[in-house]
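Here the structure is laid out as structure tokens; the discussion comes afterwards.
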Amino acid sequence: MRRLSLLAFALALTTSALAAQESAPAPAPPYQLVRTLQSLQNEAAAGNRAAHAAQGKLLRDLEQAMAAQPPAVWDDPRNTRAAVQYVLSGGQPGPLAELVKRGEPVGLPKGLAEGALAYVMGDGGQAKALLMPLDPAGLHESLAGHLALVQATLILRDDQKRALQLLDQARLASPGSLVEEGALRRAVFIAAEINDLDRLEKGTAQYMRRFDRSVYAEHFRQSFATGLVRFDIGRDPAKFPKLVATLRAFDREQQRAVLLIIARDALVRGRFEQARLAAEEVARIPGADQATVTRASLYRAASRIGIDRAGGAIDTLRKIDAARLPPEEKDILRTALRVAAEIVDAPAGGAQTPAPGAAAEPADLDPRVKRLLSGAERSLAEAQKLLADPLFTPVRSGDPRP
């Protein structure tokens with residue numbers, strides 16, 4: 001009820017402000033209008049989709065209302081700060097650009113207004129030159145979090161350690177706001193990129209605890225999974241339990257989806273231990289449908305064919321119903337069976353040679369699957385060296401994980 005009342009108030013305030021342009025000489029001051037915008041955006045971060053949907057119209061209406069302000073309004077620092085807030089909250093640059101034309105806006109540190117304009121106009125170099133020397137802690141609380149978030153975004157690729165510090169500063173300056181939500185999202189992705197599992201686990205848990213209902217939460221989950229694959233999180237088997245602990249912040253279906261992405265990507269890149277761990281973790285999560293179970297079995301068995309000379313993995317591959325797999329997974333199954341046949345036919349020692357009459361590689365084979373083939377053959381060569389060693393005991397199907 002409170003959120004609906006806030007939305008109604010926001011729309012009423014904007015409507016009255018626009019009506020005031022026609023019937024009265026003094027519309028609502030910019031700082032009041034932008035305060036309403038901030039409240040709507042914070043509601044969106046808390047999961048209010050109606051508030052999120054209303055932002056577009058409100059931003060457009062505010063542009064008109066701010067452009068209609070009399071010049072004397074901009075002698076109030078609250079209003080100049082509001083103009084910067086408006087632009088950094090998704091508003092059009094016009095009102096702030098007009099203000100800058102008149103000179104340095106009152107109450108703002110030198111370079112802030114011009115730097116904010118450069119940032120929203122896509123001029124990263126100019127934005128860095130003007131904004132990075134500024135200290136967010138020295139700004140009014142209404143702008144401190146916004147500036148820290150923008151600064152972190154500007155240096156994300158150049159100085160990730162400093163970017164993380166700025167994101168922490170943004171969160172502390174704007175608790176419970178869309179600024180904090182955005183700062184947490186960016187911090188999690190940086191942690192994935194630099195392979196910092198401790199920070200990844202902590203940041204993900206914080207995000208899901210504070211903003212799991214955010215209108216941006218689903219995008220966060222999807223980007224999170226992509227980031228795990230892109231930045232190779234969990235490649236080190238010793239750190240894999242940490243990754244699993246991080247995923248517990250998601251529901252079971254989301255955990256399975258992320259782990260399947262990891263398992264498949266690891267497999268086609270020839271990282272068989274990572275693929276095995278991810279596939280086995282999928283199998284441990286109850287409630288999976290048959291298609292998910294089939295994919296997990298495929299990834300696990302394909303990851304083991306280079307070392308499982310006892311044949312358990314090969315038998316699993318042969319029993320997989322290809323009809324339950326999407327087309328790209330059928331290519332993986334076909335290639336894994338081909339490599340498995342070569343393993344069975346290979347001599348117990350020495351270099352592996354192709355089996356007579358082995359099926360030729362299909363001309364339309366996915367390039368990523370070709371990497372699987374190449375990786376599997378390398379794994380086979382390594383496995384055969386181990387088989388020649390009497391101290392080596394192959395892992396058999398059904399044995400517990402080492």
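This one's a predicted model, so the numbers in the text were calculated from it and none came from an experiment. The figures here come from the full heavy-atom set of this structure, side chains too, leaving out hydrogens, waters and symmetry mates.
I262 is listed as a side-chain neighbour of L243, based on a closest heavy-atom distance under 4.5 Å. Taking 4.5 Å as the limit, every side-chain heavy atom of D251 sits out of range of all side-chain heavy atoms of Q255. Looking only at side-chain heavy atoms (C-beta outward), L88 and Y119 come within less than 4.5 Å of each other. Side-chain atoms of K128 and D158, non-hydrogen and from C-beta on, do get closer than 4.5 Å to each other. Between Q169 and L166, the closest side-chain pair of non-hydrogen atoms falls below 4.5 Å. Side-chain contact check for V258 versus F250: every heavy-atom pair is 4.5 Å or farther apart. The shortest side-chain heavy-atom distance between W74 and V106 does not fall under the 4.5 Å cut-off. In this structure, the side chains of Y86 and L33 stay at 4.5 Å or more apart for every pair of heavy atoms.
Judged purely by atom type and a 3.5 angstrom limit, E104 has no side-chain atom pairing as donor or acceptor with the backbone of V100. Here the side chain of S174 pairs no donor or acceptor atom with the backbone of S177 at under 3.5 angstrom. For the pair T316 (side chain) and G312 (backbone), a donor-acceptor distance under 3.5 Å is present.
One finds no salt bridge joining R221 and D212 here, because no Lys/Arg side-chain nitrogen approaches an Asp/Glu carboxylate oxygen to under 4.0 Å. A salt bridge is absent between E328 and R264; no separation between the charged side-chain nitrogens and carboxylate oxygens falls under 4.0 Å. Of the charged side-chain nitrogens involved, none lies within less than 4.0 Å of a carboxylate oxygen, so that R300 and E281 do not count as a salt-bridged pair. Between E273 and R276, at least one side-chain N (NZ, or NE/NH1/NH2) sits under 4.0 Å from a carboxylate O, which counts as a salt bridge. No salt bridge links K319 with D315; every basic N to acidic carboxylate O contact stays at or beyond 4.0 Å. Salt-bridge formation is detected for the pair D168/R199: a Lys NZ or Arg NE/NH1/NH2 atom is positioned less than 4.0 Å from an Asp or Glu carboxylate oxygen.
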Distance-only donor-acceptor pairs under 3.5 Å for side chains of residues 135-155, two or more places apart:
residue : atom : partner : partner atom : Å
D135    : OD1  : A137    : N            : 3.0
H140    : ND1  : S142    : N            : 3.1
H140    : ND1  : S142    : OG           : 2.9
H146    : ND1  : S142    : O            : 3.4
H146    : NE2  : S89     : OG           : 3.4
Q151    : NE2  : L131    : O            : 2.8
Q151    : NE2  : L134    : O            : 2.9
T153    : OG1  : L149    : O            : 2.9
T153    : OG1  : R186    : NE           : 3.4

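Heavy-atom contacts from other residues, nucleotides or ligands closer than 6.0 Å to CD of E253 number 12 or fewer. No more than 12 heavy atoms of other residues, nucleotides or ligands sit less than 6.0 Å from atom NZ of K202.
The nearest pair of heavy atoms linking L259 to F240 is CD2-CZ, 4.2 Å. Nearest approach of G115 to A127, heavy atoms of both residues: O-CB, 3.9 Å. In terms of heavy-atom proximity, V34 sits nearest to A82 at CG2-O, 3.5 Å.
A cation-pi arrangement, defined by a distance under 6.0 Å to the six-membered ring centre and an angle within 45 degrees of its axis, is absent between R185 and F220.
Counted by atom type alone, Y299 and E329 present one or more donor-acceptor pairs between their side chains at under 3.5 Å.
With sequence neighbours left out, K101 forms a side chain to side chain donor-acceptor pair (under 3.5 Å) with E98.
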